[in-house]
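Chain A is the first sequence line, chain B the second, and so forth, proteins listed ahead of strands; every chain is numbered from 1. All values reported here derive from a predicted model rather than from experimental measurement.
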Protein chains: 2
Amino acid sequence: MSTTGQLQQHILRRTHFSEVELAEFFTAFRQVRVKKRQFIVQPEFVPKHRFYVVQGCLRAYVIGDEGQEHTIQFAIDDWWITDYNSYIYQQPASMFIMALEDSIVLQIDYETEQRLKQQCHAYETYFRILAETTAAHMARRVITNLTKTAEQRYEMFLERYPDVAAKVPQYALASYLGMTTEYLSKLRHKRLKS
Amino acid sequence: MSTTGQLQQHILRRTHFSEVELAEFFTAFRQVRVKKRQFIVQPEFVPKHRFYVVQGCLRAYVIGDEGQEHTIQFAIDDWWITDYNSYIYQQPASMFIMALEDSIVLQIDYETEQRLKQQCHAYETYFRILAETTAAHMARRVITNLTKTAEQRYEMFLERYPDVAAKVPQYALASYLGMTTEYLSKLRHKRLKS
DNA sequence: AAATCTTCTTGAACTGGATTAACTTGTCGG
DNA sequence: CCGACAAGTTAATCCAGTTCAAGAAGATTT
């Protein structure tokens, strides 16, 4: 499948674009290769793009007051990623987004996205659905963080995202789940014994 | 101002509807009075509506495995509220949404919303913006919960939402901030002394 | 205005998870 | 294939926040 073919599926599984709409939509994207450890978003800079991951693995994180990293989002094949707050309001980012492995992404820039959404109802619908999905996902995460223990959060993550769990380094997962690397290490060990 | 006048402002501050579009949009809403302690969403039932709060105060919460309540969202005048996950996917709710005081809401039902969005690009845009705002808000909350201590979370909430903090009962706020009532009580006391 | 229920407070004992620190194992560029 | 740094482990100690328990202060109903 071509690299845009994957995104095409992502779109058509959620809404309907005509042939013409699809073709024009893809002209808005640029395919970019991102090397491991390379940043695509950095604090202080206004994030110009939203990214669709064709292949690879990226991680968004913030740095807390005491210098610890906190993972906000992972993205693997067929996921969208950006610093949501900063992108939609076009404010300087507060996150880093870094490739955890060599990756291929499709990027669309803010102005183009705005123009497309204005121009065509179907495009607007697609981005509305993306936003809704993001909101729903974030709401679930808030609930999980409020209601579950560290151990339960780990177990749930393993069940829900086994492919992500397998790909990302332990320290990144720990900081996503809101615990230290050391504690996650203990949980894993405990798990193996039982 | 009429009750829809408030919602009209909410819309026009975010996007543009023509006179005709505005008029038709409002026919989709029904104004409902909700008494204190009354539920508008309950677990097991598919939430049929999304609610715009004209006046009053509502609270969305889930019940954890050990029976504790966890507040997911508050809504006061000029806010939207629903069980987001359940509403957009039309699945049985997992939350309660209850009025903390006698309130007036405007409700739109799922099918009507779908029809409106399909019918008119401007409506679609408005709901896209609502979803984006929700996503951004939830993302900020995830970050705060990961990076800040209970005390910092409380201080930040007071600063950002003083009107909500003044309205809602202590136990509801505590469970929103992810701490026990007892601990919040101590934090307040500590705060008064300094 | 008494009775009942709901919310808030206070303090003592406890614990899930953090911190610190030293060590082991991977990984990869040269 | 080696040197260096990044990632993961283990164990001792510590603390932010919970739990339990009992009472005080508001609300709401009769």
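- Between E101(A) and R33(A) no salt bridge is recorded (no basic side-chain N to carboxylate O distance below 4.0 Å).
- Note: CD (Q152(A)) to C1' (dG16(C)) measures 12 Å, nearest angstrom.
- Here the C1' atom of nucleotide dT6(C) and the CD atom of Q170(B) are 14 Å apart, to the nearest Å.
- Side-chain proximity of R188(B) to dG17(C), dT9(C), dA7(D): nearest is dT9(C).
- Each of R50(A), Q90(A), H49(A) was scored for a side chain to side chain contact (heavy atoms under 4.5 Å, CB included) with Y110(A), with one residue passing: Q90(A).
- Put simply, CG on L7(A) and CG on D78(A) are 8.5 Å apart, with the number rounded to the nearest 0.5 Å.
- Contact check for F17(A) versus Y123(A): side-chain heavy atoms found under the 4.5 Å cut-off.
- To the nearest 0.5 angstrom, F51(A) atom CZ is 11.5 Å from I108(A) atom CD1.
- None of L177(A), L158(A), L187(A), T147(A) except one satisfies the side chain to side chain contact (heavy atoms under 4.5 Å, CB included) rule with R153(A); the exception is L177(A).
- For H189(A) and dT10(D), the NE2 to C1' distance is 9 Å, given to the nearest whole Å.
- M179(A) places its CE atom 11 Å from the C1' atom of dG16(C), with the value rounded to the nearest Å.
- Across the protein-nucleic acid pair, L187(B) atom CG and dT10(C) atom C1' stand 14 Å apart, rounded to whole Å.
- Side chain to side chain, E113(A) and Y87(A) meet the donor-acceptor criterion of an N or O pair below 3.5 Å.
- Regarding K167(A), its NZ atom lies at a distance of 17 Å from the P atom of dA7(D), rounded to whole Å.
- The CG-C1' distance, from L146(A) to dT18(D), rounds to 15 Å in whole Å.
- Between Y176(A) and F157(A), the distance from one ring center to the other falls under 6.0 angstrom.
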Pairs under 3.5 angstrom, nitrogen or oxygen only, protein versus nucleotides 19-21 of chain C, please.
none

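- To the nearest angstrom, P of dG17(C) lies 7 Å from CZ of R153(A).
- Side-chain contact of Y126(A) with H121(A): a donor-acceptor pair under 3.5 Å is absent, judged by distance alone.
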Show the distances under 3.5 angstrom between N or O atoms of the protein and N or O atoms of nucleotides 24-30 of chain D.
| unit_1 | atom_1 | unit_2 | atom_2 | d |
| --- | --- | --- | --- | --- |
| dT28(D) | OP1 | K36(B) | NZ | 3.0 |

